[in-house]
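What follows is one structure encoded as C-alpha cells, with my remarks underneath.
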Amino acid sequence: MPFVDDILHLRADSVLSEKLLPLVFLFILFLLTISYLMGNSIWYKILGRNKFLPQGKHAYVTGGSKGLGKAIAKLLASKGAHVTIIARDKDHLQIALEEIKDAAKGREDYKNLIFNAISADVTNYEDSVRALNEACDLHNGRAPDFIFCCAGACKPGLFIEQDISEFESGMQLNYHGTLYTVHEGVKRMTRQRIKGKIVLVSSVLGVMSFIGFSQYAPTKYALRGLAETLRNELLLYDISVHCYFAGTIDSPGLQQENKTKPKITSEIEGDDVALSPDQAAKALYKSLCKGHFHITSDLGGNICRVASKGAVSPTNNFIVDSLLSAFAWIGGIPFRYMIDKKVKDSKSEYPIHD
Ligand SMILES: NC(=O)C1=CN([C@@H]2O[C@H](COP(=O)(O)OP(=O)(O)OC[C@H]3O[C@@H](n4cnc5c(N)ncnc54)[C@H](OP(=O)(O)O)[C@@H]3O)[C@@H](O)[C@H]2O)C=CC1
Ligand SMILES: CCCCCCCCCCCCCCCC(=O)[C@@H](N)CO
C-alpha cells in the first residue's frame with residue numbers, strides 16, 4: 001500500500017530527525033564548548049576580546065636583528081605597529097630593518113609607519129638608556145607602548161668545565177640586559193601614562209632544566225621571578241606583563257649554542273621539535289591577543305608550564321590547565337627517570353679530569 005508506506009516513511013524520517021536533530025545540536029554545542037575551553041583564537045575575534053592591538057603603537061624589540069626578535073618585529077610591522085629594533089651588529093640590523101619594512105609594505109598606512117634600528121649593547125646600562133632615549137626621540141619623546149626583550153643567548157656546557165665568567169656573562173645578558181631595558185622603559189611609560197605591555201623572553205628552561213644548561217637556565221628562572229613581581233606591581237599603572245617560555249627555536253642563536261652543546265644535552269633536547277622563528281613569533285602574538293601571562297608555544301612547554309604554575313600565577317585556562325597539570329605531574333616521573341638514567345649511564349663518556 002503506497003499510501004501507508006509513504007506515511008510510515010515520513011514518520012520514520014521525522015522520528016529520525018526528531019531524535020537526531022537534538023543530538024546534532026548537542027554535538028555542535030559540545031564542539032563549540034570544547035573549542036572555547038581550549039581557548040581557540042577564533043573566540044577572541046568573535047567576542048572582541050583581543051587584548052593586543054599593535055596597530056599604530058610603538059614596539060621596542062631588543063634582539064630584533066635575528067631569530068625570534070626579528071620575527072616578532074616583522075609580525076608587528078605587518079600588523080601596523082611602529083617598530084624599533086635593538087642589537088649590536090649594524091649590518092644585521094640593516095638587513096633586518098629592510099625585512100621589517102617589507103613585512104609592512106602591503107599596508108595602506110605603510111607611509112605613516114616608523115621603523116628604526118639602533119645599535120646598542122643591552123648588557124651595558126648606559127647604552128640601554130641611550131637606545132631608549134633615541135627610540136623616544138624618534139617618536140617626539142613618546143615612550144614605546146610595548147617592550148619585547150628578546151636579546152639573549154645560551155652557552156651550554158658541563159658545569160665543572162665552564163669558566164665562572166661564562167655564568168656571569170650569561171646572567172649579565174639574559175637577566176640584567178632585560179632588567180635595564182624594562183626598568184628604564186617602564187619608568188618612561190609610567191611618567192607618560194602609557195598603558196602598554198612588557199614581554200620578557202624566558203625559556204622552557206626557565207621552568208625545568210637538565211644537564212648542560214647550568215649557565216643558562218638560572219638566568220631564565222630569574223626572568224620568571226621578575227615577571228611574577230612585575231605582573232602584580234605594574235597593575236598600578238595598567239601595564240601588562242607577559243613571560244614567554246619558548247621551546248626550541250631554529251634561530252642563528254640555536255646554531256651557535258649547538259657548537260658547544262654536550263652530546264647528552266642535545267639528545268634530551270632533541271625530544272623538543274624546533275619551531276621556526278616566524279612560528280614562535282606567531283604563537284607569542286596569539287597568546288598576547290588572548291592576554292596570557294605565562295606563554296608557551298608547544299606541547300612540551302605547555303606541560304612544563306602547567307606543572308610549575310606557581311602558587312599565585314594566573315592560569316591561561318583554568319579547566320584545561322588543571323586537567324593538563326594532572327597529566328604533567330604524572331608524565332614528569334618517567335621523563336625524570338629517563339634523563340637521570342641517561343646521565344648515570346654516561347659516566348664513562350664524561351670522565352673527571354684531575
Ligand atoms: N633559540 C632557542 O631555541 C630559544 C631561544 N630562547 C630565547 O629567545 C631569545 C631569542 O633567541 P634567538 O632568537 O635564538 O637568538 P639569536 O641569537 O638568533 O638572536 C639574538 C639577538 O639578540 C641580539 N643580541 C645578543 N646580544 C646582545 C647584546 N648584548 N645587546 C644587544 N643585542 C644583543 C643579537 O644581535 P647582536 O649579536 O648583533 O647584538 C640578535 O639580534 C633569547 O632570549 C633566547 O634565550 C628561548 C628558548 C629557546
Ligand atoms: C611530562 C614532562 C615532559 C617534559 C618534556 C619536555 C621536553 C623539553 C625538552 C627541552 C626543551 C628546551 C627548550 C628551550 C631551549 C632553549 O632555551 C635553548 N635552546 C636556548 O636557546
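Just follow the structure's listing: the first ligand is 1, and inside any ligand the first atom is 1. Below, each value reflects all heavy atoms present in this structure, side chains not excepted, and no hydrogens, waters or symmetry copies. We count residues from 1, following the sequence as given.
- Ranking protein heavy atoms by distance to atom 33 (C) of ligand 1, first place goes to A151 CB, 3.8 Å.
- Residue contacts with ligand 1, taken as heavy atom pairs separated by less than 4.0 Å, involve A120 solely via the backbone atoms N, CA, C and O.
- Counting heavy atoms only, S65 comes closest to atom 35 (O) of ligand 1 of the residues P252, S65, S202.
- Defined by atom type and a distance below 3.5 Å, a donor-acceptor pair is missing between the side-chain atoms of T84 and H82.
- Annotation: I249 places an N or O atom under 3.5 Å from an N or O atom of ligand 1; distance criterion only.
- The backbone N or O of A143 lies less than 3.5 Å from a partner atom in the side chain of Q192, making a donor-acceptor pair.
- Between T315 and D321, the side chains place no donor N or O within less than 3.5 Å of an acceptor N or O (distance only, hydrogens not considered).
- Under the 4.5 Å side-chain criterion, counting only non-hydrogen atoms from C-beta, F52 is in contact with F146.
- Considering all non-hydrogen atoms of both residues, A281 and L68 come closest at N-CD1, 3.9 Å.
- Nearest non-hydrogen protein atom to atom 12 (P) of ligand 1 is S251 OG, 3.4 Å.
- Of all the atoms in ligand 2, the ones that sit under 4.0 Å from a non-hydrogen atom of G332 are 1 (C).
- Of the candidates E269, K90, R88, Q172, the one placing a heavy atom closest to atom 36 (P) of ligand 1 is R88.
- Contacts of H92 with ligand 1, taken as heavy-atom pairs under 4.0 Å, are absent altogether.
- Minimum interatomic distance between S209 and A217 (heavy atoms only, all atoms of both residues): OG-CB, 3.3 Å.
- Taking distance alone, with nitrogen or oxygen atoms compared against 3.5 Å, G253 approaches ligand 1 more closely than that limit.
- Ligand 2 places these atoms under 4.0 Å from at least one heavy atom of L254: 19 (N).
- Within 6.0 Å of NZ on K309 lie more than 12 heavy atoms contributed by other residues, nucleotides or ligands.
- The closest heavy-atom contact to atom 22 (O) of ligand 1, among the options S119, G63, C150, comes from G63.
- Using a 4.0 angstrom heavy-atom cutoff, A274 does not count as in contact with ligand 1.
- Looking at ligand 2, you won't find any N or O of T248 less than 3.5 Å from one of its N or O atoms.
- Of the listed options F335, F213, W329, F335 places a heavy atom closest to atom 5 (C) of ligand 2.
- Across all non-hydrogen atoms, the minimal contact from E257 to C154 is CB-O, 3.3 Å.
- The cationic group of R231 lies under 6.0 Å from the six-membered ring centre of F293 and within 45° of the ring axis, placing it in a cation-pi geometry.
- For L173, every heavy-atom contact with ligand 1 shorter than 4.0 Å involves the side chain, none the backbone.
- With a 4.0 Å heavy-atom cut-off, ligand 2 is reached by no atom of I249.
- Nearest-residue assignment for atom 29 (N) of ligand 1 (options I118, N258, D121, T178; heavy-atom criterion): D121.
- Ring planes of F213 and Y216: tilted class, angle from 30 to 60°.
- At the shortest separation from atom 30 (N) of ligand 1 among protein heavy atoms lies V122 N, 2.9 Å.
- Side-chain N or O atoms of D250 include none that pairs as donor or acceptor with a backbone N or O of P277 at under 3.5 Å.
- In this structure, F327 falls outside the shell of residues with a heavy atom less than 4.0 angstrom from ligand 2.
- No donor-acceptor distance shorter than 3.5 angstrom exists from the side chain of E184 to the backbone of V129, with no hydrogens or angles considered.
- Residue contact check: T123 has heavy atoms under 4.0 Å from atoms 29 (N) of ligand 1.
- Among D298, L205, L68, the residue whose heavy atom lies nearest to atom 12 (C) of ligand 2 is L205.
- Within the structure, ligand 2 lacks G253 among the residues with a heavy atom less than 4.0 angstrom away.
- Within a 6.0 Å sphere centred on NE2 of H183, heavy atoms belonging to other residues, nucleotides or ligands number 12 at most.
- Residue T62 places no heavy atom under 4.0 Å from ligand 1.
- Within the 4.0 Å heavy-atom shell around ligand 2 one finds A246.
- Of all protein heavy atoms, the one lying nearest to atom 19 (O) of ligand 1 is K66 CB, 3.6 Å.
- At under 3.5 Å, a nitrogen or oxygen of K220, whether backbone or side chain, sits near a nitrogen or oxygen of ligand 1.
- For atom 20 (C) of ligand 1, the closest non-hydrogen atom of the protein is G152 O, 4.1 Å.
- The environment of E108 atom CD is sparse: at most 12 non-hydrogen atoms of other residues, nucleotides or ligands sit within 6.0 angstrom.
- The closest protein non-hydrogen atom to atom 8 (O) of ligand 1 is V201 CG1, 3.4 Å.
- Near E269, meaning under 4.0 Å from one of its heavy atoms, ligand 2 places the atoms 15 (C), 18 (C), 19 (N).
- Note: an N/O pair closer than 3.5 Å links Y216 and ligand 1 by distance alone.
- The side-chain hydrogen bond (donor to acceptor under 3.5 Å, both in side chains) analysis of residues 343-353, with sequence neighbours excluded, yields the pairs K263-E349, K341-D345.
- Looking at D89 and K66, no side-chain N of the basic residue comes within less than 4.0 Å of a carboxylate O on the acidic one, giving no salt bridge.
- Atoms of ligand 2 found under 4.0 Å from any heavy atom of F210 (numbered from 1 in listed order, with element): 10 (C).
- With hydrogens and angles disregarded, no donor-acceptor distance shorter than 3.5 Å links the side chain of T181 to the backbone of T178.
- Some N or O of D89 is nearer than 3.5 Å to an N or O of ligand 1, by distance alone.
- Close approach of ligand 2 to I303 is summarised as follows: ligand atoms under 4.0 Å from at least one heavy atom of the residue are 1 (C), 2 (C).
- The nearest heavy-atom contact from the protein to atom 13 (O) of ligand 1 is L68 N, 2.8 Å.
- Between the side chains of T123 and D121, at least one donor N or O sits under 3.5 Å from an acceptor N or O.
- Checking N133 against R130 by side-chain atom types alone, no donor-acceptor pair falls below 3.5 Å.
- If you number the atoms of ligand 2 from 1 as listed, the ones under 4.0 Å from a heavy atom of E257 come out as 18 (C), 19 (N), 20 (C), 21 (O).
- With sequence neighbours left out, the salt bridge (charged side-chain N to carboxylate O under 4.0 Å, His left out) criterion links K90 to no other residue.
- Annotation: atom 47 (C) of ligand 1 to nearest protein heavy atom, A246 O, 3.3 Å.
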